[in-house]
Each structure stands twice: as C-alpha cells, then as structure tokens.
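The block underneath contains the structure these notes are about, expressed in structure tokens.
The analysis underlying the following values was restricted to heavy atoms, covering all of them including side chains, and did not include hydrogens, waters or symmetry mates. Throughout, protein chains are lettered first and strands after them, A, B, ... in sequence-line order, and every chain is numbered starting at 1. Treat the numbers as computed from the prediction; the structure is a model and nothing was measured.
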Amino acid sequence: MKNPFNEHVRVRFAPSPTGFLHIGNLRTALYNELLARHFNGDFILRIEDTDRTRIVEGGVENICRSLQATGVIPNEGIWLDEKGELFERGDYGPYLQSACRERHLEQAEKLVTMDKAYYCFCSTEHLDDLRKKQQAKKQPTMYDGSCRKLDPTEARKKVESGESHVIRLKLPKHGLISFNDIIRGKVTFDWSVIDDQVIIKSDGFPTYHLAATSDDNHMAISHVLRGEEWVSSTPKHLFIYEAFGWKIPQFAHLPLLLNKDKSKLSKRQSDVATEDYLKNGYLPEALLNFVALLGWNPSAEREIYSHDELVELFSVEKINHSGAVFNLEKLDWLNSQYIKQLPKKKYLKLARTYLETAITDDAYIDRCLLMLSDRIVRFGNVTDLAKDFLDLKKDYSGVSLTWKKQTTEDATEKLEALKELLESLSADDVAKMEKSESAIKSLILERGWTNGETLWPLRVALSGQEKSPSPFELLAIYGKDRSLGLLENALKHLRAS
RNA sequence: GGCCCGUUCGUCUAAUGGUUAGGACAGCGGCUUUUCAAGCCGUUAACAGGGGUUCGAUUCCCCUACGGGCUACCA
C-alpha cells in the first residue's frame with residue numbers, strides 16, 4: 001500500500017482491560033503494528049478503561065504481556081517494565097483513557113453549549129421499558145428523544161441541583177452520512193436510524209464513542225483499524241469530529257474472526273485468550289503467522305512468513321471483506337512446521353519447559369525429546385508424548401508382542417536372540433542407531449528371519465505400544481541397560497502367557 | 001423488526017471481463033516401511049441462486065437467498 005495521504009502514519013491498538021488479550025484483538029493489534037512499521041509510523045497502545053464495571057485486576061498487565069510475548073510491541077503508550085510495573089512513553093499521553101476524563105468531560109460540555117449534545121434525565125427503567133415496548137411492536141429500538149426538547153437553561157439547572165443525568169449526542173434527524181472505508185469503500189447511513197448516543201454516563205465517565213474519538217484526535221491518529229463491529233457507530237464518531245472541526249482519520253473495519261458455526265469468535269465455543277494458546281505450547285511466531293493470514297494474504301502461494309516479511313508485504317487494501325473461521329487444524333500444522341524448523345538447542349529448551357517428569361537423567365530426556373520432535377504439534381502435549389518413553393514400567397497388556405500370525409514361541413526366540421546380541425554390543429554401539437541397526441539387520445539376514453517377525457516384537461517390547469518410533473531409535477534413546485531390562489520384561493510377559 | 005456489511009473447494013485463501021478457477025490445511029490414495037509419525041508423490045472438492053450489461057461474465061450492476069455485525073449509561 002502506498003501512503004496516499006503522505007502523512008506520518010500513527011495507529012493505535014486500544015483494548016479494554018477485561019482480563020486477557022482476545023485472539024481477535026491480537027490480530028487487530030498486529031494489523032495496526034504491521035501498518036505502522038510498513039510506513040515507519042507509530043504504533044500506540046492505549047487502554048480504554050472507561051467502563052469501570054468491566055475492569056479486571058491485572059488486565060492491563062496481561063494485555064501488555066501477551067503483546068510482548070507475541071512480539072507485537074508498541075513504540076508509544078502503555079508499557080510494562082521488567083519488574084511488572086506499568087509506565088507510559090510518548091508525547092501524547094495520558095494513554096490510560098480514564099486519566100483523560102477531564103478533557104472528555106470538558107469536550108462533552110462544549111458539545112452541549114454548541115447544541116450538538118444535550119442533558120438527558122431519563123431513568124434506565126424508563127429506557128428499558130421503552131425498548132421492550134418497541135421490540136414488542138417490532139419497531140426500531142430508539143430513544144424517544146424526550147430530553148432532547150428540554151430547555152437548555154432548565155436542563156442546566158437540574159444538573160446543577162445534582163439530578164442524575166447523562167449527556168447524549170444531538171444527531172441530525174435526517175439526511176445521509178457517508179464515509180470511505182479503506183477496506184469496504186463507501187458506506188452510507190441514514191441519520192434517521194442512528195440513535196442519540198450517550199457520551200457521558202451517569203457515573204461521570206465517557207462512553208467509547210466520545211473517549212475514543214477524543215483520544216484519537218488528541219493522539220493525532222491517522223488510521224483507525226478496528227473490528228467490523230464498529231462500522232455502524234462510525235457516523236456518531238464522524239459527527240463528533242465534524243462538530244469540533246477535527247481532522248478525520250482514515251477508517252478500516254476489519255472482518256471478524258469466527259467460530260466454527262460462523263458466529264463471532266467467542267469464549268463459549270473457542271479458546272479466545274492469546275495467553276492460553278501460548279500456554280498450550282503454540283509458538284508466538286506461529287500464532288502470529290496464522291492470525292495474520294486470517295483475513296489477509298499477500299500471495300497465497302506461501303504459508304510461512306516471518307514477522308518482518310509480514311511488515312514488508314502488508315497492505316490494508318488487501319484485507320478481506322468477510323469473516324474468517326478460526327481453524328485450529330491449520331494452526332496445528334503451522335505450529336508443527338515452526339517446531340520442526342527450530343534449532344536443536346532452542347527446541348530442547350522449549351520442550352523442557354513444558355515437560356513434566358520425575359526423571360533426572362538430562363541426556364536421556366534430551367534424546368527422548370529429540371526423537372519426538374517431528375511428532376509434536378504443540379509443546380503442550382509433550383508430556384503425554386514422552387510419558388511412554390520416560391516411564392519404563394510397561395505391562396504389555398492390550399498390545400501384541402507378536403507380529404501378525406507369529407506365535408508366542410517364535411517371538412520369544414527372536415527376543416532372546418536379540419537380547420543376546422545386545423549384551424554382546426558395547427553401550428556406545430547401542431546408543432548409535434546405525435550400529436544397532438546394522439548389527440540387528442545382519443542377525444536377521446544370518447538367521448534367515450524377516451524384518452517383521454523380528455523388529456515388531458523388539459519394537460513393542462521397547463515401546464509397550466503397537467504404534468511407536470522405530471526400535472533403533474528406541475534403543476538409542478534408552479541405551480543398553482534400559483533396553484535389556486525392557487527385553488527381559490517382555491520375555492517374562494511372553495513366557496507367562 | 002430496522003440499518004449496515006458480506007458470500008470462490010469442508011476450512012484459510014489466490015487470480016481473472018475470455019484460465020483445465022491456483023495454493024494451503026483437513027480428507028482420500030500411493031511411495032517409504034516392522035508399526036506409527038514425519039517426508040515425498042498423487043487425488044476428491046468451490047465461483048449461493050436469478051436477472052441484466054457484454055461477443056463473452058466467477059469477475060461489473062440489480063434482485064433474492066443465506067450468513068454476520070450493530071441496534072446499551074459494554075467496548
């Protein structure tokens with residue numbers, strides 16, 4: 001995308017601290033960051049905490065942590081330092097919305113004096129009642145405007161006497177309002193269907209509509225990239241920009257992330273917290289890559305892009321118009337691709353942080369983890385995968401130590417010979433796959449056996465499973481002594497049956 | 001109910017006023033093989049429907065259907 005406005009790009013990600021970073025919001029944050037970095041602009045983190053009832057303790061820190069973990073890092077706004085303390089950086093603060101309340105209040109009052117807003121004294125009961133009646137009659141649910149007609153002097157007197165009130169926007173009653181969305185093109189609304197929005201609540205805090213608009217202006221935001229759910233309130237925001245004569249930013253409304261049933265991605269149906277994906281062992285790079293390609297695609301001939309490549313290729317105009325189902329299967333595949341690309345050292349380090357085991361033999365654990373590296377989809381299941389190769393108590397119940405129609409006696413004969421062979425090998429040779437493989441294969445050749453009737457019992461003896469990595473890999477990770485122990489166990493089991 | 005937005009394989013998507021409509025995941029089949037996984041190769045599968053415009057529409061326009069969002073003193 002060229003920068004058609006030839007201006008400094010300033011974008012913001014402005015979540016509410018309601019507990020965690022929603023995965024859809026991670027994508028919104030990412031797209032903002034990609035746009036900013038693509039044009040060497042600024043990416044700002046602002047926290048919208050004007051709904052005092054929904055604030056969750058630690059919510060801001062959590063958002064910062066998730067952004068940091070995924071590498072979507074603002075260069076202005078709210079930060080979290082190493083000690084876990086929040087601080088602000090930038091010339092356009094405060095970046096915590098509640099700290100701007102005075103400005104919001106002043107601006108709301110100014111709108112009232114400009115006759116662009118008015119005091120409203122209607123009770124929530126009255127409004128609920130009104131809405132119910134309208135719904136019953138299948139009429140559009142809108143404020144009846146009773147306070148809109150109030151004499152301004154009277155209204156002010158009531159306010160001064162301490163009567164509970166809100167401030168509502170005094171929107172036009174007819175005519176059209178249009179704006180140009182970078183993604184969708186021209187979007188038009190009829191003013192008559194847009195309600196007089198509350199901009200200051202009775203608790204004295206502004207609503208999103210005033211606060212976000214005011215802050216975007218204050219912070220000189222050039223492009224507003226936000227979720228599609230905001231399309232229908234954009235006219236209200238435009239009204240405020242125009243009332244004050246502020247410069248209007250470019251808008252781009254992002255398609256939503258969807259559940260399997262195509263409704264808006266929700267906690268009910270899907271995992272939505274970024275931190276949970278990370279906890280489950282998805283790599284931040286893979287998660288970011290995946291989420292970036294949900295609703296936007298630079299070429300479609302490639303699936304794997306680094307963060308820097310995304311920055312390079314990003315363009316808002318190429319963002320899709322329709323929502324995207326959050327498809328876990330593809331995420332799993334992508335993550336496994338990223339895991340396979342990991343350098344050995346890093347892979348082991350990560351796998352170890354997820355692995356729960358009582359075993360203390362590090363070299364053994366490492367060999368086991370390396371063996372599993374192309375079986376791991378996400379690190380969250382590493383313990384499950386490794387369990388059977390770290391815990392050597394195998395009872396062989398429910399698995400067959402015999403290959404196809406092989407008899408127990410035959411399998412016993414093979415295992416006994418293999419045991420003898422292993423005993424004759426040095427521990428070093430057992431630890432080397434090529435050595436044990438060639439020794440075993442020549443034994444098979446020598447005796448005129450088949451691979452199946454020899455290798456199957458061996459492999460099941462070593463793994464305790466009918467499906468597992470190859471016996472040579474298993475010998476190598478266990479080493480001579482453990483392997484011999486397992487063969488002995490298997491033989492006992494065969495003799496007893 | 002009203003308003004707004006959307007609609008290419010099951011899913012994520014590409015491309016185009018003239019293509020055998022491309023790729024990826026999943027599925028299926030094969031190779032490899034002692035089994036599984038991985039890998040490699042192959043394969044099934046889509047332009048929502050109807051009208052226009054046009055020599056020609058998946059592509060442009062309209063209608064319908066379907067889906068979604070909004071319709072709060074939540075964001």
Side-chain angles (χ1 to χ4, degrees), chain A residues 14-16 18 25 48-51 53-54 120 122-124 127-128 131 134-143 164-168 181 183-185 187-190 192-195 197-209 211-212 226-235 253 255-256 258 260-264 290 293-304 320-334 336 340 371-377 385 403-404 444 450-460 463 465-472:
Chain A
S16 293
T18 53
N25 276 160
E48 310 223 329
D49 58 344
T50 55
D51 184 354
T53 64
R54 298 217 310 172
C120 172
C122 294
S123 68
T124 31
L127 295 172
D128 287 348
R131 191 162 34 244
Q134 288 167 335
Q135 275 164 355
K137 286 189 205 157
K138 303 213 169 193
Q139 286 172 341
T141 52
M142 286 184 81
Y143 176 54
S164 175
H165 64 280
V166 302
I167 298 179
R168 282 180 188 275
D181 187 288
I183 297 168
R184 286 152 216 282
V187 182
T188 303
F189 290 85
D190 196 315
S192 67
V193 302
I194 303 171
D195 214 0
Q197 183 67 47
V198 170
I199 53 170
I200 300 290
K201 298 176 272 189
S202 55
D203 68 357
F205 277 87
T207 59
Y208 174 89
H209 308 282
R226 65 196 347 176
E228 190 190 332
E229 67 268 28
W230 294 108
V231 171
S232 41
S233 33
T234 303
H253 290 97
L256 264 15
L258 272 25
K260 252 198 162 106
D261 70 357
K262 303 228 174 197
S263 57
K264 189 172 162 180
F290 178 66
L293 265 33
L294 246 31
W296 170 76
N297 203 300
S299 73
E301 300 297 317
R302 239 178 95 188
E303 304 297 324
I304 296 180
N320 289 159
H321 296 191
S322 54
V325 173
F326 197 87
N327 178 208
L328 276 180
E329 281 164 345
K330 191 148 182 182
L331 207 212
D332 281 346
W333 172 80
L334 196 61
S336 70
K340 288 186 188 91
M371 178 188 75
L372 295 170
S373 68
D374 57 11
R375 291 165 190 267
I376 291 186
V377 169
L385 283 171
W403 164 243
K404 291 188 175 168
I444 291 170
T450 66
N451 280 340
E453 64 194 15
T454 318
L455 265 17
W456 174 277
L458 175 61
R459 191 180 53 72
V460 177
S463 66
Q465 294 174 356
E466 296 198 345
K467 298 174 180 180
S468 80
S470 82
F472 313 113

Remember a base hit wins even if backbone is also touched, and classify Gly227(A) as base, sugar-phosphate or nothing at under 4.0 Å, heavy atoms.
nothing
Base, sugar-phosphate alone, or nothing: which one does Ser322(A) contact when heavy atoms must sit under 4.0 Å apart?
sugar-phosphate
Within less than 4.0 Å of OP1 or OP2 of [N], is there a side-chain N or O belonging to [X]?
X: Asn320(A); N: rA14(B); answer: yes
X: Thr141(A); N: rA72(B); answer: yes
X: Asn297(A); N: rU13(B); answer: no
X: Lys260(A); N: rG10(B); answer: no
X: Thr207(A); N: rC74(B); answer: no
X: Arg131(A); N: rA72(B); answer: yes
X: Lys262(A); N: rG6(B); answer: no

Interatomic spacing from CH2 in Trp296(A) to CG in Asn320(A) - rounded to 0.5 Å:
11.0 Å
For the residue pair Trp403(A) and Trp456(A), categorise the inter-ring angle as parallel (less than 30°), tilted (30 to 60°) or perpendicular (more than 60°).
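Ring orientation, 0 to 90° scale: tilted.
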Send over the distance from Lys264(A) NZ to rG67(B) C1', rounded to a whole Å.
15 Å
Length of the line joining Asp332(A):CG and rA37(B):C1', which is rounded to integer Å
15 Å
Which one is paired to [N], where only Watson-Crick or G-U wobble pairs with both distances under 3.5 angstrom count?
N: rG27(B); result: rU43(B)
N: rC70(B); result: rG2(B)
N: rU7(B); result: rA65(B)

[atom1] gap between [N] and [M], integer Å:
N: rC31(B); M: rG69(B); atom1: P; result: 47 Å
N: rA48(B); M: rU8(B); atom1: C1'; result: 10 Å
N: rG56(B); M: rG52(B); atom1: C1'; result: 14 Å

From C-beta outward on Leu294(A), which listed nucleotide comes closest to its side chain: rC25(B), rC74(B), rC12(B)?
rC12(B)
Once each nucleotide of nucleotides 39-45 of chain B is scored for protein heavy atoms under 4.0 Å, what B/S/- sequence comes out, 5' to 3'?
S------
